[in-house]
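Please read the structure below before turning to the comments.
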2 protein chains.
Amino acid sequence: MTRIRHQSLDCSPGCAVEATLQLIDGKWKGVILYHLLQGTLRFNAIRKRLPNITQRMLTTQLRELERDGFVLRTVYPEVPPKVEYSLTPRGRTLEPVILALKAWGDEHTEFRHGREACADHDEILTSAAKRTK
Amino acid sequence: MTRIRHQSLDCSPGCAVEATLQLIDGKWKGVILYHLLQGTLRFNAIRKRLPNITQRMLTTQLRELERDGFVLRTVYPEVPPKVEYSLTPRGRTLEPVILALKAWGDEHTEFRHGREACADHDEILTSAAKRTK
DNA sequence: GCCCATAGTGTCGGAAATGATACCGTTATG
DNA sequence: CATAACGGTATCATTTCCGACACTATGGGC
C-alpha cells in the first residue's frame, strides 16, 4: 500500500495547487473529509454515507488521510471494535478548500441526488452478514 | 481518449465535492488552470511553465478542459501554427477553488521551488529540435 | 461450541492515467 | 531542396488506482 502520488512536485508557483490536489485526490478523500468536517464518525458511519465505497477503499483512504496528518484515528479497546475518525487541527485547515469545492459543485453541476443512488445504504451494510451463511 | 473519470457520482451532499474534484483532477489540470487565470497563453507558453509535462499530456489535459467548458481554444490559421488558450467565463468561476488550493499549498507544504527543478525549461523545448538530426 | 458485530487484511485482476518515443503538416527562408 | 517553427497525433509500455471477494480477530450472549 502506501501509494505515493505524483512523486515529484514541479517548480513554479502553480506547484502549490498541485501539491494540495495530490493530498486530497483519491477517489473518496474529498467526500470523506467533507463528512468529517461535520464531526467525528465511526468507520461504519462513514461507510453509510458513501454507499458505493468498498471496505478496503475506505480503509485505504482513511489510512492515507491519517498518514498525511489530516485525520485522527482513535481505537477503543472494546469488542466488537470501535474506531472513531476525526479531523486533526491540520485537517481542519482544509475546510476552506473543501467548502470551495462543495460550493462550486453545488452551483455548477447537476447530478441526481437521492433516490436511485441512495436507496440502499443499509442493504449494503447488512449484506455482508447475510453472505456469512 | 475522452476519459470518463469515476463515472457515477454518488448521492448525498458530499457529492458536490467529488463532482468538482473529478473535473479538476488530472495530474496537470490544476496548474494549467492556475496559469490560465493569469491570462491567455499559447501552447508552448504553457509548456514552458510546466517543465515536466509531455506534449501528449498537455494536449490531453487541455482538450479535457476544453470539453468541460473551462478553456477556450483559439486556432490562428498561420504558419507556423498559433494556438491560444484562455479561460471561458465558466472556467473563471473556478477561480475561488483554484486560489483556495493554492493558498493551502503555499501555507502548508514545503517544496523546493526554483533551481534544480526549474533550470531546464528551454532545454526541454529545444531538445526535440536537436533530436531531429 | 456457535454466532454476532465491528473493523479490519490479503490477493487478484482489470481499468484508467500517465509516460516515452517517434512521426506529421504547413509555409517562409536560405 | 532542406530546414526550422509550432502544435499537434499515433502507438506502445508502464504505473497507479480501484473494485470484487474472501478471510481474520475478539469477546459477549445463547
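Hydrogens, waters and symmetry mates are skipped; everything else that's a heavy atom, side chains included, is used. Residue numbering restarts at 1 for every chain, and letters A, B, ... go by the order of the sequence lines.
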Check: Could you state the CZ-P distance from A:R42 to C:dA5, rounded to the nearest angstrom?
Finding: 13 Å
Notebook entry, point to check: Any donor-acceptor pair under 3.5 Å between the side chain of B:R56 and the base of C:dG19?
Noted result: yes
Next item on the list: May I have the distance from A:I46 (atom CD1) to C:dT6 (atom P), rounded to whole angstrom?
Entry: 14 Å
Check: Between A:T109 (side chain) and B:A19 (backbone), is there a donor-acceptor pair under 3.5 Å?
Finding: no
Item checked: Rounded distance in Å - CD (A:Q22) to C1' (D:dC17) -> 15 Å
Item checked: Length of the CG-P vector between A:L58 and D:dC17, whole Å -> 17 Å
Check: So which nucleotide from D:dG8, C:dA20, C:dG8 ends up closest to the side chain of A:T59?
Finding: C:dG8
Note to self: Main chain of A:L72, side chain of A:E66: is a donor-acceptor contact present, judged purely on distance under 3.5 Å?
What the structure shows: no
Note to self: Measure CZ/B:R63 against P/C:dA17 and give the value in whole Å, please.
What the structure shows: 17 Å
Check: Does A:R47 use its side chain to pair, donor to acceptor, with the backbone of A:L58 at less than 3.5 Å?
Finding: no
Check: So, for B:V71 and B:T88, which heavy atoms are closest and what is the spacing to 0.1 Å?
Finding: C-CG2, 3.7 Å
Checklist line | Main-chain N/O of B:D68 paired to B:R90 side chain as donor or acceptor, under 3.5 Å | finding: yes
Checklist line | Presence of A:N44 side-chain N/O under 4.0 Å of C:dA5 phosphate oxygens OP1/OP2 | finding: no
Margin query: Please check this pair: side chain of A:S86 against backbone of A:T40, looking for a donor-acceptor N/O pair closer than 3.5 Å.
Written below: no
Check: Given C:dA7, D:dG19, D:dG7, which nucleotide is nearest the side-chain atoms of B:Q55?
Finding: D:dG7
Item checked: Axis-to-axis angle between the two ends of the helix from C:dG1-D:dC30 to C:dG30-D:dC1 (five base pairs per end, rounded to 10 degrees) -> 30°
Note to self: Can you pull out every side chain to side chain donor-acceptor pair (under 3.5 Å) where at least one residue sits in residues 70-82 of chain B? Sequence neighbours excluded, please.
What the structure shows: B:R73-B:Y85, B:Y76-B:E84
Checklist line | Presence of salt bridge, B:D25 and B:K29, under 4.0 angstrom | finding: no
Checklist line | Atom-to-atom span, NZ of A:K27 to C1' of D:dT16 - whole angstrom | finding: 14 Å
Next item on the list: State whether A:Y85 places a side-chain N or O below 4.0 Å from either non-bridging phosphate oxygen (OP1 or OP2) of C:dG8.
Entry: yes
Notebook entry, point to check: In whole angstrom, what separates A:F43's CZ from C:dA7's C1'?
Noted result: 6 Å
Notebook entry, point to check: side-chain contact (heavy atoms from CB on, under 4.5 Å) between A:T60 and A:W28: does it pass, once the steps are laid out?
Noted result: CA-CA 10 Å; A:T60 310; A:W28 305 96; over 6 Å; no
Next item on the list: Give me the residues of residues 70-82 of chain A where at least one heavy atom lies under 4.0 Å from an atom of DNA chain D, by number, or none.
Entry: A:V79
Next item on the list: Round to the nearest Å and state the distance from B:L62 atom CG to D:dT9 atom C1'.
Entry: 15 Å
